[in-house]
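The figures that follow rest on heavy atoms only: side chains count, while hydrogens, waters and symmetry mates do not. Residue numbers begin at 1 in each chain, while the letters A, B, ... track the order of the sequences.
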Protein chains: 4
Amino acid sequence: MAREKGLKGMESRERLLAAAAEEFANRGFHETKVSTIVKRAGLTQPAFYLYFPSKEAVFDELVNAFRTRLHALIGSSRFEAQVEAQDVPKRVRMAVETFFRFLEATPHLTRIGLFLAPKAEEIKKELIALIAFNLSAEQQAGYFRSDLSMKTVAECLVGIVERLTLSQLLPGIKSPESLASQVVDLLLYGMLSMKHTSA
Amino acid sequence: MAREKGLKGMESRERLLAAAAEEFANRGFHETKVSTIVKRAGLTQPAFYLYFPSKEAVFDELVNAFRTRLHALIGSSRFEAQVEAQDVPKRVRMAVETFFRFLEATPHLTRIGLFLAPKAEEIKKELIALIAFNLSAEQQAGYFRSDLSMKTVAECLVGIVERLTLSQLLPGIKSPESLASQVVDLLLYGMLSMKHTSA
Amino acid sequence: MAREKGLKGMESRERLLAAAAEEFANRGFHETKVSTIVKRAGLTQPAFYLYFPSKEAVFDELVNAFRTRLHALIGSSRFEAQVEAQDVPKRVRMAVETFFRFLEATPHLTRIGLFLAPKAEEIKKELIALIAFNLSAEQQAGYFRSDLSMKTVAECLVGIVERLTLSQLLPGIKSPESLASQVVDLLLYGMLSMKHTSA
Amino acid sequence: MAREKGLKGMESRERLLAAAAEEFANRGFHETKVSTIVKRAGLTQPAFYLYFPSKEAVFDELVNAFRTRLHALIGSSRFEAQVEAQDVPKRVRMAVETFFRFLEATPHLTRIGLFLAPKAEEIKKELIALIAFNLSAEQQAGYFRSDLSMKTVAECLVGIVERLTLSQLLPGIKSPESLASQVVDLLLYGMLSMKHTSA
DNA sequence: GATGAATGAGCTTTCATTCAT
DNA sequence: GATGAATGAAAGCTCATTCAT
């Protein structure tokens, strides 16, 4: 009789969260009805309010979940920086790839936290700041052109990631690896063909 | 057809459109109430339905207005491209700058057509295709690296423009010129400092 | 074509107010449903919210209507005080009678403002203070026993009026005149028979 | 019957009753949630329904508790009346004082049974009848003016007690003794100063 | 060309109450 | 004796939309 106290409740809650995530991701906040969420979770409306104070609260919880995982990812990526015996391009590619992989892993949360949430801009701002900080280190190490603003570069990178996530990654058209290598190739080496570059 | 006659009617319609654009841009589709739009336009709710069949219809009309202007812009830019004998970097920079200027000119429409509309993805897809087409010409002329997919580059460019528009252009933090030159500098020459590039 | 602007709306509003007053008076705040009010007024629920921001707001409006009339009554009763060539008992009786008449005139408002409203206590407190003030004048003129606290007397008077209003006046069992004379007779002369009083 | 056994059960039941009494007294019937009652009693909602068939049932039980005690009080006071050979004023004062003391002893029940219950009017009607009966005896003994309706006097007395209970006794502003002597003084001797009385 | 007045449809939320254990 | 989990039923409120003038 392993009476897991509160197990069933937790499961219901998780089911509601998952259903909500999917609905929000597919239809947005307003088009998502509590009635649909609970139907998907096999429950009734009052059950929803047993676990969440309001529809907005679930949404916020999902946004925060995304944010938390995002911060966790970035925190852990700092460690790898120490193992950096690799060359810069490879390191950058790995980082971007990891990020794409992260976004791909929880597509609903990604859509919510990156595109739907009113807080999305704020979240991106944080992200950009962190990336800019990391890039600056490389820049000071002489790897990147000193006349570029890493803040701007970070912003561009995030813009690219957003777009490709929406148009290629989430629809499953391209893989994190392929996207990462294309993006990094472009950003590191630029578009110009060599003959012009050296001009 | 019934829309041709009546000066006052046209003016009311325009006022409604403008009010709707501002509200939609600032609050999004669902947060925007018809009652607010008409208040802003100094009219009443039935008047709204005199000019538009539904709230969605106004929104669509605004989206289409954006799309139309966008197409006009791109159509005209083709011409210039042929007349010009300038060097590639300058040409690209001018094109991007023109585009930023275009987005800055009608900020409400930009926010609606580029970020709020469900159709936004479709609009961007068109835009990306056109840009990719133009870039391919340059690529075939040998200006751009032949190992890059211009489709992808176009996508990245649009992603960058989206992000910078939202974070720098619309808030009035940076000018079209400065944004264009930063973006183009990055995309054309890449991030790597010369010593590494030549490696 | 006496196009009374807003006449129909005003009428609807009044119908809603009247219906609400009756429902509130008969069932109390919580048992009264907006759906019942609008049915009684021959309207639909949204119409209710066209005229009142919430169910509570109508209730408050009714309470305030009572309070306002009450203050008006008291304000006007001051005037009569100047015409006072009459003897004290008659004067007091007239005042009490007027008050009963006032309560009888708008029975729903009376029930709401005097018995149902959370503010009822406050309203009575005001009323008591005013009555005490008036009584004190008579007391200082030597008409009332100087060892009585007019504040307490006022409180007793209001308590009596409350009770008789509920049990005799509103059910239509006794008239304002008969109630007033009984009350005043008791309060002025006391219960004791003469032989004991003089003891 | 099923309620006889079980000490712990009885205790839980009492805790629920006490919690309910306090909540009802402070917030009224509708504002009081079953969830709040059980929280206060340290139990869960199903436990509530183990002891009471419904929320209304607890309320009724509390009202009846008040009524029962009230009847007990009145029953016992009859006895004393016969034993006493004291003068009328003192006797009346003692009775009123006893009553105030009774109301003060169980303030929650008082608020519920005297002011909140729909049955309150009925309860008061009974009380008034009993008081009127007692007063009539004194009246027939020649102590009270024969031209007064003891029914009305009883009603006035109850009205006064109600008001003073709410505004002075329950808030702890005045004591049963002081209230009783003020009330009785007023009711027995009236407001008029002697010179006018004898006129 | 425009409005005062009204509504259908639907939403989120609340609460007393019960089932299964 | 008690609880975790769930629900039926309904309430208040909002909004895009329309009718009659």
Just how far, in rounded Å, is [atom2] of [N] from [atom1] of [X]?
X: C:Lys33; N: E:dT14; atom1: NZ; atom2: P; result: 16 Å
X: B:Ile37; N: E:dA2; atom1: CD1; atom2: P; result: 17 Å
X: B:Arg27; N: F:dC15; atom1: CZ; atom2: P; result: 13 Å
X: C:Phe48; N: F:dA11; atom1: CZ; atom2: C1'; result: 13 Å
X: A:Glu56; N: E:dT13; atom1: CD; atom2: P; result: 8 Å
X: D:Glu14; N: F:dG1; atom1: CD; atom2: C1'; result: 16 Å
X: A:Leu50; N: E:dT18; atom1: CG; atom2: C1'; result: 14 Å
X: D:Gln45; N: E:dT21; atom1: CD; atom2: P; result: 20 Å

Note: D:Lys33-D:Glu23 ion pair, threshold 4.0 Å (strictly below): no

NZ/NE/NH1/NH2 to OD/OE distance under 4.0 Å, A:Lys124 and A:Glu121: yes

Using both distances under 3.5 Å as the test, list the Watson-Crick or G-U wobble partner of F:dA11, or none. E:dT12

For F:dA20, the Watson-Crick or wobble partner whose two distances fall under 3.5 Å: E:dT3

By nearest nucleotide on DNA chain F, pick out whichever of A:Tyr51 and C:Pro53 is the more 5' one. A:Tyr51

I want to confirm an ordering. Mapping D:Leu43 and C:Lys55 to their closest nucleotides on DNA chain F, which one lands closer to the 5' end? D:Leu43

Does [X] make a side-chain N or O approach to OP1 or OP2 of [N] shorter than 4.0 Å?
X: C:Ser12; N: E:dA6; result: yes
X: C:Tyr49; N: F:dC15; result: no
X: A:Lys8; N: F:dA5; result: no

Once you round to the nearest 0.5 Å, how far does CZ of A:Arg13 lie from CG of A:Leu50? 10.5 Å

Picking from E:dC15, F:dC15, F:dA5, which would you name as closest to the side chain of D:Pro46? F:dA5

C:Thr36 near the nucleic acid: base, sugar-phosphate alone, or nothing, with a heavy-atom cut-off under 4.0 Å? nothing

How do A:Ser35 and C:Arg15 order along DNA chain E: which one's closest nucleotide is nearer the 5' end? C:Arg15

Mapping A:Thr32 and D:Thr32 to their closest nucleotides on DNA chain E, which lands nearer the 5' end? A:Thr32

So is B:Lys55 actually on top of B:Phe29's ring, under 6.0 Å and inside 45° of the axis? yes

Considering only heavy atoms from C-beta outward, does the side chain of B:Val58 approach that of B:Tyr51 to under 4.5 Å? no

